[in-house]
Amino acid sequence: MATQAPTSTPRTPSGPRHARPSRFARRSPGHSPGSGRRRIPIHTVAWPVSLGILYGIWAPFIQRHGSPLNALQITLGVVSGLAVAVLVFVLMRLPTTMATELRAMAYGTVAGVSVGFLHSLTYASVLRSSGIGLTVGVATAVATFYFFHTRED
């Protein structure tokens, strides 16, 4: 067209510069340039880290019971937060080819155990903590089963 401004792309004998193939063209789209590993989506790391930090702050806060914070409570927070973060990361990396029921039970187990443990830090009885953990675990398993089942291919 005569009204279009000229482009600043230099011409070479083989055509415009941007028409050359990339040096990374042979790599599959899921790989980052220069490495042979697949890239991990940001939400797969952000959710576990966020939940681990919240859990790690919440656990010593419950354990304190109004007293000053001490090293044992800080250790409890770090260890429990790290454990929850690792478990949630592993759950999020579970293959989608796994049976929906097993994935839902895994999510329910982690949720139930973590909530039951937090409730046990309030010096409640073992039966009450187990009951609350079981209730949360079953509810989470049902909700995640519904979520996974409605989004199957």
Side-chain angles (χ1 to χ4, degrees), residues 8-9 16-153:
S8 62
T9 314
R17 181 177 178 188
H18 65 274
R20 285 186 284 170
S22 169
R23 64 180 178 189
F24 303 114
R26 284 181 250 145
R27 295 196 186 277
S28 63
H31 288 79
S32 61
S35 72
R37 296 184 294 172
R38 279 186 29 206
R39 295 178 68 183
I40 297 176
I42 190 72
H43 75 276
T44 308
V45 176
W47 276 108
V49 168
S50 301
L51 289 174
I53 290 171
L54 287 173
Y55 197 88
I57 291 171
W58 196 358
F61 181 76
I62 291 173
Q63 182 66 31
R64 275 182 35 192
H65 296 291
S67 64
L69 192 64
N70 60 26
L72 188 61
Q73 292 163 350
I74 292 173
T75 305
L76 170 74
V78 169
V79 170
S80 61
L82 188 63
V84 166
V86 167
L87 286 173
V88 172
F89 179 76
V90 168
L91 282 178
M92 291 186 78
R93 298 295 293 170
L94 282 177
T96 56
T97 58
M98 181 187 273
T100 306
E101 296 84 7
L102 289 176
R103 287 179 70 202
M105 292 210 27
Y107 275 93
T109 301
V110 169
V113 167
S114 61
V115 169
F117 174 71
L118 281 180
H119 191 70
S120 73
L121 294 177
T122 63
Y123 297 127
S125 70
V126 174
L127 289 176
R128 184 171 178 176
S129 298
S130 300
I132 288 176
L134 184 65
T135 304
V136 169
V138 168
T140 303
V142 168
T144 54
F145 175 76
Y146 176 77
F147 178 81
F148 294 142
H149 189 66
T150 57
R151 285 158 179 79
E152 283 181 344
D153 291 336

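Remember, it's a predicted structure, so these values are computed and weren't measured experimentally.
Residues passing the side-chain contact (heavy atoms from CB on, under 4.5 Å) test with Val45 are Ile40, Val49, Phe89, sequence neighbours excluded. Legend: residues meeting ring pair (Phe, Tyr, Trp, His ring centres under 6.0 Å) with Phe148, ordered by chain and number and at least two apart, are Tyr107. Residues satisfying the side-chain contact (heavy atoms from CB on, under 4.5 Å) criterion with Leu87, sequence neighbours excluded, are Val110. Taking Ala71 as the reference, nothing meets the side-chain contact (heavy atoms from CB on, under 4.5 Å) condition, with sequence neighbours excluded. Ser130 pairs by the side-chain hydrogen bond (donor to acceptor under 3.5 Å, both in side chains) definition with nothing, not counting sequence neighbours.
The CG atom of Leu82 sits 11.0 Å away from the CD1 atom of Ile53 when rounded to the nearest 0.5 Å. For the atom pair CG of Asn70 and CD of Gln63, the computed distance is 8.5 Å after rounding to the nearest 0.5 Å. Taking CZ from Phe145 and CG from Leu102, the interatomic distance works out to 11.0 Å, rounded to the nearest 0.5 Å. In this structure, His119 NE2 and Ser125 OG are separated by 7.0 Å, a value rounded to the nearest 0.5 Å. Here the CG atom belonging to Leu76 is positioned 6.0 Å from the CG atom belonging to Leu121, to the nearest 0.5 angstrom. Distance OG1/Thr144 to CZ/Arg103: 9.0 Å, rounded to 0.5 Å.
Looking at Thr44 and Arg93, their side chains come closer than 4.5 Å, going by heavy atoms from C-beta outward. Counting heavy atoms from C-beta outward, Phe117 and Ser114 have side chains that stay 4.5 Å or more apart. The side-chain heavy atoms of Leu69 and Pro60, taken from C-beta on, include a pair separated by under 4.5 Å.
In this structure, Met105 places its CE atom where only 12 or fewer heavy-atom neighbours from other residues, nucleotides or ligands lie under 6.0 Å away.
Pairs of residues two or more places apart, or lying in two chains, that qualify as ring pair (Phe, Tyr, Trp, His ring centres under 6.0 Å) and include a residue from residues 49-68 are His65-Tyr123.
When all heavy atoms of Gln73 and Arg64 are compared, the closest pair comes out as OE1-CG, 3.3 Å. Minimum interatomic distance between Ser80 and Gly56 (heavy atoms only, all atoms of both residues): OG-CA, 4.4 Å. The minimum heavy-atom distance between Ala85 and Gly52, with the atom names listed, is CB-CA, 4.0 Å. Across Leu91 and Ala106, no two heavy atoms sit closer than the pair CD2-CB, 3.5 Å.
Here the side chain of Ser129 pairs no donor or acceptor atom with the backbone of Val126 at under 3.5 angstrom.
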